[in-house]
Amino acid sequence: MGRDRKTVTAVDDVSLALRPGIAHGIVGESGCGKSSLLDVLAGLESVDGGAVTYDGRPTAEFSRRDWMAFRRDVQIVFQNPFESLDPKLTVREAIAEPLAVHSIDDRHERIETAVERVELRPVERYLEKLPHQLSGGERQRVSIARALVLEPSVLLADEPVSMLDVSTQANILSMLSSLIDELDLSVLYVSHDISTVGYLCDEVSVMYLGEVVESAPTNRLLGEPAHPYSRALIDAVPIPDPYAERERTALVGTPDGGGRDRTGCLFGDRCPDRTPACERRPEPVALEPTHRVSCHLYTEEPTDETAVRTPVPGEHHGGGR
Amino acid sequence: MTTPLLEIDDLTVTYRTDAGELTAVSDVSFCVEANEIFGLVGESGSGKSTLAKAIIGCLDRNGRIDSGEIRYCGTALTSLSEERFRREFRWNEIAWIPQGSMNSLDPLERLCDQALEIAQTHTDHSAATVDDRFRRAFDAVGLQPDRVTEYPHQFSGGMKQRAMIALALLLEPSLIIADEPTTALDVIMQDQVFRYLDEIRQRTGVGVLLITHDLSVVMEECANLAVLHSGQLAEVGPVTAIYDAPHHPYTRKLLGAFPDVRDPDAELEVLEGHPPKITDGGGYCTFATRCPIATAECETVAPTPQQALESPSQYHLTTCHRSDRLFEHGRSVRRSR
Ligand SMILES: Nc1ncnc2c1ncn2[C@@H]1O[C@H](COP(=O)(O)OP(=O)(O)O)[C@@H](O)[C@H]1O
Ligand SMILES: [Mg+2]
């Protein structure tokens with residue numbers, strides 16, 4: 001039925017569009033601004049510069065009714081299934097809550113469908129359970145059912161599997177992956193672990209201190225990461241193979257150090273490939289139509305005296321320097 | 001043969017619960033050598049933390065060691081009084097980094113004061129010696145030595161975790177038990193923590209029992225590993241031997257369940273269900289209800305560890321009635337990369 005494109009702009013220099021049936025991953029270390037981005041997109045935080053557009057309209061112009069519709073159509077799944085469910089509510093009550101908030105009827109059927117969708121079977125056995133009677137993976141399934149019961153078109157997921165066992169992670173990821181196809185969901189998936197992002201997402205944006213420094217289709221980003229920060233994130237992932245010879249990350253420290261106030265590249269202080277050019281903030285460059293990176297390694301101007309300049313065809317060089 | 005640093009010998013640990021007696025660790029045996037990082041893996045609830053607490057003599061009050069022995073450099077810890085263990089072994093010989101410990105640092109006490117307290121309980125070092133050692137331990141884990149005077153809340157999660165490791169190193173133990181030391185950290189921080197831990201091992205020869213649910217981490221950091229499922233030891237051996245030819249269906253499934261950045265399109269193995277809680281004394285394979293090749297025998301007889309067929313290592317054991325079958329089918333399972 002072709003829902004409108006949901007283009008979303010938030011935080012500082014983040015541009016991304018969420019499209020039906022597509023999962024978009026956001027990766028970065030803790031403290032990179034991933035969760036703030038999610039809060040802005042969810043309308044929980046106000047936009048600071050830029051705009052979030054939803055169905056073609058900026059959320060800033062929303063009326064109360066628009067917000068109501070937005071809150072129904074855009075759902076969030078949080079990181080910690082141990083905290084996000086009320087310990088006193090049964091599965092049925094927890095999933096009924098959003099329906100009540102939005103005054104939706106025929107609850108019984110909707111609740112059952114939602115529980116069925118997250119593969120908690122037999123459904124009747126789960127409906128009357130309390131969170132403490134469920135495993136971590138089951139709780140996260142309930143959180144997902146709670147988000148799906150309103151039949152949203154957008155799902156924002158904040159590290160939904162990071163607290164779970166890896167065996168459970170695989171279950172939840174493969175379930176999410178089929179739900180995206182089946183329900184034509186637009187998904188934003190936030191994580192520090194690029195290997196789970198690689199499994200679920202079609203495209204990825206790498207975020208550093210509130211800015212997207214690189215974005216590309218997942219396989220391209222994993223195969224040919226351009227930004228030194230993207231490479232660091234990939235290199236740091238342990239490989240389940242004792243013969244693999246992975247080098248440890250060369251990055252030291254954490255993303256903070258007052259980087260936001262700098263005029264230069266935000267990653268400059270930790271970057272292994274730093275040059276004097278990095279004193280200036282890099283502009284995004286398109287390496288491919290769908291692969292964009294903000295890093296001086298890829299800008300065309302000479303980066304400093306020692307940088308080798310590739311002559312651009314047809315460019316006329318005047319008489320020496 | 002020299003005596004191993006740590007021997008777990010046929011250990012069984014139970015908890016008294018409302019639902020009856022829960023067997024959390026069941027007839028488990030393995031050894032950790034000096035200068036090695038030994039991995040203990042399994043899903044949540046498989047008994048990893050219980051095992052760690054049994055070693056350190058810190059079981060919850062409703063828990064007890066039913067049978068078996070734990071030996072440290074040949075000394076049976078299980079027959080020492082709690083008092084003697086605490087005085088002679090805790091921290092000086094065996095340091096424990098409990099699960100979630102970075103959140104259990106006392107927020108109201110400066111880190112150097114916490115270090116001093118530990119040192120004074122277990123040694124007669126002077127305050128100056130302790131301070132000097134703690135600063136050096138900070139340096140070893142990549143923290144600025146001057147920051148020993150700060151409070152835990154001034155540190156990020158990863159820094160707190162490294163401060164915990166520094167505390168563990170303070171009295172120069174021969175064995176560190178690290179329970180999920182990086183589970184709450186992002187991948188960069190995790191990699192940094194392991195870099196320091198490994199450097200320390202190379203320099204001091206400390207043995208590390210690394211407890212984690214992340215098999216990828218174990219494949220990279222450890223020489224040997226043990227896989228637990230509902231308190232039973234499924235498989236133990238060198239990581240390469242187990243990776244090349246897993247001899248237990250659980251290990252095989254676990255190995256396939258991990259996403260690999262080198263191959264993002266690979267299908268992940270799905271493990272249905274969870275490790276069951278054993279409240280009937282056991283006497284069967286705890287993996288039977290989840291196992292694709294279980295037979296009636298698996299549900300009625302507890303398997304005992306067997307030498308893994310055709311394994312290059314004589315320390316590669318599997319606890320599976322069906323491992324010969326599995327091995328026949330799995331001869332060519334080694335994933336080609
Ligand atoms: N104090 C306790 N009382 C009763 N059961 C417990 C207690 N501590 C742990 N258990 C149970 O023992 C089993 C093993 O737990 P644990 O050792 O924490 O596993 P892991 O560290 O592998 O997640 C689980 O079934 C858990 O619920
Ligand atoms: Mg544990």
Side-chain angles (χ1 to χ4, degrees), chain A residues 27-32 119 135-138 159 162-171 173-175 177 191-201 204 218-219 221-223 229 232-256 270, chain B residues 41-46 142 156-159 182-192 194-195 198 213-223 225 238-244 250 253-275 335 337:
Chain A
V27 279
E29 285 157 285
S30 314
C32 266
E119 296 162 14
S135 69
E138 289 170 334
E159 307 250 18
S162 67
M163 309 277 291
L164 305 176
D165 271 328
V166 179
S167 46
T168 314
Q169 282 189 6
N171 291 352
L173 289 175
S174 73
M175 178 193 83
S177 178
S191 178
H192 69 85
D193 181 354
I194 207 163
S195 67
T196 64
V197 171
Y199 181 76
L200 186 73
C201 300
V204 189
T218 308
N219 286 342
L221 193 114
L222 288 177
Y229 185 57
L233 285 176
I234 296 171
D235 290 347
V237 177
I239 295 175
D241 173 351
Y243 299 102
E245 294 193 355
R246 183 178 69 85
E247 298 232 345
R248 286 206 194 277
T249 181
L251 286 194
V252 291
T254 47
D256 45 30
R270 299 171 79 201
Chain B
V41 289
E43 289 161 276
S44 358
S46 55
S156 71
M159 288 163 68
T182 59
T183 299
L185 307 181
D186 66 49
V187 287
I188 300 255
M189 195 59 90
Q190 164 168 288
D191 211 32
Q192 293 172 351
F194 279 124
R195 179 172 68 220
D198 203 41
H213 64 254
D214 191 341
L215 196 58
S216 304
V217 162
V218 168
M219 285 290 150
E220 288 198 338
E221 307 296 337
C222 304
L225 87 151
V239 291
T240 46
I242 291 181
Y243 176 81
D244 287 344
Y250 180 55
K253 286 219 170 230
L254 270 186
L255 278 167
F258 284 77
D260 187 332
V261 274
R262 298 171 304 177
D263 188 8
D265 296 329
E267 278 303 308
L268 297 184
E269 187 80 58
V270 167
L271 263 156
E272 300 293 348
H274 339 275
R335 295 186 286 181
R337 296 227 202 253

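Throughout, a chain's letter reflects where its sequence line sits, starting with A, and its residues are numbered from 1.
- We find the CD-CD distance between B:Q190 and A:E29 to be 12.5 Å, quoted to the nearest 0.5 Å.
- B:I188 places a side-chain heavy atom less than 4.5 Å from the side chain of A:R270.
- Nearest heavy-atom pair, B:H213 versus A:L164, reported as atom, atom and distance to 0.1 Å: NE2-O, 3.8 Å.
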Mind running side-chain contact (heavy atoms from CB on, under 4.5 Å) on B:R195 and A:V252 for me, showing each step along the way? CA-CA 11 Å; B:R195 179 172 68 220; A:V252 291; 4.1 Å; yes

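- Using a distance-only test at 3.5 Å, with no hydrogens or angles considered, a donor-acceptor pair links the side chain of B:D191 to the main chain of A:T249.
- Only the side chain of B:E221 has a heavy atom closer than 4.5 Å to any heavy atom of chain A.
- Closest approach of A:P240 and B:Y243 over heavy atoms only: O-CE1, 3.3 Å.
- Only the backbone of B:L185 comes within less than 4.5 Å of a heavy atom of chain A; no side-chain atom from C-beta onward does.
- Interface remark: A:Q169 contributes no atoms to any contact with chain B (heavy atom separation under 4.5 Å).
- For the pair A:D165/B:S44, a side-chain contact is recorded, criterion being any heavy-atom separation below 4.5 Å from C-beta on.
- Between chain A and the options B:V218, B:D265, B:D198, the largest number of non-hydrogen pairs under 4.5 Å is found for B:D265.
- Of the atoms belonging to B:A223, not a single heavy atom falls under 4.5 Å from chain A.
- Residues B:E220 and A:I239 form a side-chain contact, since some pair of their non-hydrogen atoms from C-beta on lies under 4.5 Å apart.
- Of the atoms belonging to B:H274, it is side-chain heavy atoms, and not backbone ones, that fall under 4.5 Å from chain A.
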Kindly indicate, with the supporting measurements, whether the criterion side-chain contact (heavy atoms from CB on, under 4.5 Å) is fulfilled by A:I194 and B:V261. CA-CA 7 Å; A:I194 207 163; B:V261 274; 3.7 Å; yes

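- Distance alone, capped at 3.5 Å, places no donor-acceptor pair between the A:D241 side chain and the B:M219 backbone.
- Nearest heavy-atom pair across A:S195 and B:P259 is O-CB, 3.7 Å.
- Scanning all heavy atoms of the two residues, the minimum distance from A:N171 to B:V270 falls at OD1-CG1, 2.6 Å.
- Only the side chain of B:M189 comes within contact range of chain A, judged by heavy atoms closer than 4.5 Å.
- Between chain B and the options A:N219, A:D235, A:L222, heavy-atom pairs under 4.5 Å are most frequent for A:N219.
- With rounding to the nearest 0.5 angstrom, the OG atom of A:S191 is 9.5 Å from the CG atom of B:D186.
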